[in-house]
Amino acid sequence: MIEAVAEIGKFLIEKKSKASGKSCADDQSNNLSSFLTPVESEKVILICLKQKQTEFEYCGLDLQNPLVSRAQLYLFSQGAKGGGTNYSPVCILTKPKTPKTMTEEQVKQATKEQVEKVFKQKVENWFLNKALPLAKKFSKQGDISKEDAYFIQCISQAVSENREKIIEDISELLFEVEFEKQKSSALLTFSIDGKYIGEYEIFKSFLLELIKEKAERSSSQDKTCSICKQKRENVSGTVNVFKFYTIDKPGFIRGGFSSENAWKNFPVCSSCQIHLSEGRKYLEKELQFKFYNFKYLLIPQLIFSTSSAYSEVLDILQNTKKEISLGEKALERITDDENEILDVISTFNDSISVTFLFMVPQMGAERIVLMIEDVLPSHLKNIFDAKRHTERKYRTVFNNPDINFTFQQIKHFFSKSNRLKKKSDLDSYFLEITESIFKKKPIDFQFLAAHFCRRLQDSIANKDFFDFYTSCSYAIEVLEFLNKLEILKLKGDEFGMSYETPFDEILNEFPVASANPAVKGIILVGALCDILMRIQSTALSKTPGKMPPFAKNLKGLRLKQSDIVSLLPKIENKLMEYSSFGKANRLIASSASELLLKSPVDWKLSADEVSFYFACGMNLGQKIREHAKKLTGDTDEQEA
């Protein structure tokens, strides 16, 4: 995966260099852009300094809207988070979190304190601890002129002398209309004699030097780079383009727990570091997508990685995303991201594969929550084919032309283990299922049934008829989708012969209706129960969506074998009371009774399986009822 990101970055840098007519090694602007941090703030605040004779004076602040085209001019390159300095005197300012009980003056004071803290850490300390020592070092080596060194010294002095006024002005500005929202942020940078600091070579040189110094803290000479596999003059272990591990804790470091030996973990040469940075920036801008509670990077990798092939693939993906965003193109989706482009990838041949990289920030580093590597377009096509198959089938079965199958039907059951919980606690299961779908790994039906039943039981407990049937429909669609992909792991049939029923046309289409007669019998009992409850709801004029009285016999959908056996006669008696036990319903009841009688003494079905089959029968109730009426020619059935 890392190699694929570096390969993309290498291609992009070579493309830029070719356009500029410079070699990759000589094109400092390309190298610099790889280390710049994208500006995501709502505003840009410029500290304006103007030269007056041999000094610089502070001329106030300038508020601007951020522009992508000015990224190199802002010169924002984030270093250590928290209290550390960045690679340039540029930083992000945010309003502090303040309780609503605070007065306006208290909020202003809290804002000023935060601005002062950030200004000292990120701006003053950069000049004092980074810029001045570098200016002295470069001047002594002859890398910069005495005038340039004096230039840095004068700016540092101006910042120090005007700190109180600068902090006061920034604090006031944060109170203007643009910053009323607590989550709003601004980028703080400099304007010197009307030019951005990114237009001064000395600031760019300092930034690159600070990055180089960090890399040299853990480095080695004449070693092999882990990315390009070439022996390089110098490799470093402090590359943090992907912060999967840190070297500030002994457990992450090889070689005697010494940070100087951290290069052994992940040795990267300077060229590959630039390629990695450029590749990640591109992926985050062009190929980052939402996936419910997560975000993922979609990383393409070519089997034969030629420049022309990379150019074609990246152009197609980038342009497709733009066309979708502008409403010029519509693709089928299997996730909740409106910009998803997996459908177009499914049309490629298998000379390309994609990796899904799911990451979350964690204490200044990053944690991989899921990485799905080497997914081929042919398998993506299978996934979309299974999606379309499921939609076509159940639009007919459920008489609902609006069914659109996505991962939302799966997420429906893998969000919260308890409806009263505030946060989702089943994300790990959801991601495991996602990985199984993309990697074609078997998924056990009993595992799914347990989570299906939990959601259905919640619906019963809430007396929510609508949610019950919606959830049951979703569960059946999920099973059909997984079964079509051939990854649904069912229990092997333990019966040598199958038992035919008048309803096999429907039951045999259901993914988990096996040769076990008990399974088909339970489904038919559930269908009969649905018919009764709908009749009961109509007769008693129950509020739409609320459970009718017979629902109390379902024991909160925690049913066992004995419960099914006792439910069938209860349902028959109730239908008789409502004068609704005509030919069609009698055919369903007799078929269910016959199947249950032919079943072995022990059905060998868990409570979750019994409950789920019963719920599915309820969901198929109207379909089975219509089929029974057609078979019996019964037109006297009471409509519900």
Side-chain angles (χ1 to χ4, degrees), residues 446 449-450 452-454 456-461 463 465 468-469 472 475 491 494-495 499 501-503 506-507 510 512-537 539-540 542 546-622 624-625 628 637-638 640:
Q446 289 181 309
F452 292 161
C453 282
R454 176 185 41 75
L456 294 168
Q457 289 158 1
D458 276 352
S459 301
I460 297 285
K463 299 181 180 179
F465 218 3
F468 175 83
Y469 281 102
C472 200
K491 287 200 301 187
E494 299 172 8
F495 302 89
Y499 295 87
T501 77
F503 303 98
I506 298 171
L507 297 180
F510 187 51
V512 292
S514 65
N516 186 340
V519 173
K520 292 182 177 180
I522 296 168
I523 293 172
L524 291 180
V525 174
L528 205 61
C529 182
D530 169 74
I531 294 168
L532 168 62
M533 291 174 70
R534 289 178 185 273
I535 293 171
Q536 198 174 55
S537 292
L540 299 178
K542 294 291 291 181
K546 295 299 180 182
M547 289 289 182
F550 193 79
K552 65 184 179 184
N553 292 283
L554 304 186
K555 296 185 175 180
L557 204 66
R558 292 172 173 82
L559 302 172
K560 304 187 294 292
Q561 177 175 335
S562 57
D563 297 319
I564 299 296
V565 173
S566 62
L567 269 175
L568 182 56
K570 290 181 183 178
I571 295 170
E572 292 175 349
N573 288 334
K574 277 293 178 183
L575 286 170
M576 291 177 189
E577 287 179 20
Y578 285 101
S579 301
S580 297
F581 201 50
K583 294 178 184 178
N585 287 344
R586 285 203 302 272
L587 177 62
I588 299 171
S590 62
S591 298
S593 180
E594 184 179 355
L595 287 165
L596 296 182
L597 287 171
K598 288 178 178 177
S599 301
V601 176
D602 182 3
W603 295 350
K604 295 184 178 180
L605 297 174
S606 68
D608 284 334
E609 288 177 290
V610 171
S611 300
F612 179 65
Y613 293 140
F614 181 85
C616 290
M618 290 183 65
N619 207 49
L620 296 169
Q622 296 307 294
I624 290 173
R625 176 175 172 269
E637 286 291 316
Q638 178 177 330

Just wondering, do [Y] and [X] contact through their side chains at under 4.5 Å, heavy atoms?
| X | Y | answer |
| --- | --- | --- |
| L524 | L596 | no |
| D563 | R558 | no |
| S459 | Y469 | no |
| W603 | E609 | no |
| L605 | Y613 | yes |

Looking at [X] and [Y], what are the two nearest heavy atoms and their distance?
| X | Y | result |
| --- | --- | --- |
| A527 | I624 | CB-CD1, 3.6 Å |
| A584 | A628 | O-CB, 3.6 Å |
| S537 | F465 | OG-CE2, 4.2 Å |
| S599 | A518 | OG-N, 3.1 Å |

| request: Decide yes or no on side-chain contact (heavy atoms from CB on, under 4.5 Å) for I506 and I523, but give the supporting numbers first. | output: CA-CA 11 Å; I506 298 171; I523 293 172; over 6 Å; no
| said: According to ring-ring contact (aromatic ring centres under 6.0 Å, His included), who are the partners of F550, at least two apart in sequence or on a separate chain? | reply: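 With sequence neighbours excluded, F550 shows a ring-ring contact (aromatic ring centres under 6.0 Å, His included) to no residue whatsoever.
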Among residues at least two apart in sequence or on other chains, which ones pass side chain to side chain donor-acceptor pair (under 3.5 Å) with [X]?
| X | value |
| --- | --- |
| S566 | none |
| S593 | none |
| D608 | none |

| query | Between the main-chain N or O of L557 and the side-chain N or O of Q457, is there a donor-acceptor pair closer than 3.5 Å? | reply |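 Side chain of Q457 to backbone of L557: a pair is present.
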| query | Checking R625 side chain against N585 main chain: does a donor-acceptor pair fall under 3.5 Å? | reply |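 No, the answer is negative, given that no donor and acceptor are paired below the 3.5 Å cut-off.
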Euclidean distance, [Y] [atom2] relative to [X] [atom1], rounded to 0.5 Å:
| X | Y | atom1 | atom2 | result |
| --- | --- | --- | --- | --- |
| N553 | K555 | CG | NZ | 9.0 Å |
| L456 | L554 | CG | CG | 11.5 Å |
| D530 | Q622 | CG | CD | 5.0 Å |
| S580 | Q536 | OG | CD | 11.0 Å |
| L559 | I564 | CG | CD1 | 5.0 Å |
| K520 | S591 | NZ | OG | 11.0 Å |

| Does E594 have any side-chain contact (heavy atoms from CB on, under 4.5 Å) partners at least two apart in sequence or in another chain, and if so, which? |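 Per chain and number, E594 pairs via side-chain contact (heavy atoms from CB on, under 4.5 Å) with K598.
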| field | Pairs where residues 565-580 contributes a residue and the test salt bridge (Lys or Arg N to Asp or Glu O under 4.0 Å) is met, not counting sequence neighbours | value |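 Of all non-adjacent pairs touching residues 565-580, those that pass salt bridge (Lys or Arg N to Asp or Glu O under 4.0 Å) are K574-E577.
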| request: Using the side-chain contact (heavy atoms from CB on, under 4.5 Å) rule, take L532 and L528 through it: C-alpha gap first, then chi angles, then the decisive distance, then the call. | output: CA-CA 6 Å; L532 168 62; L528 205 61; over 6 Å; no
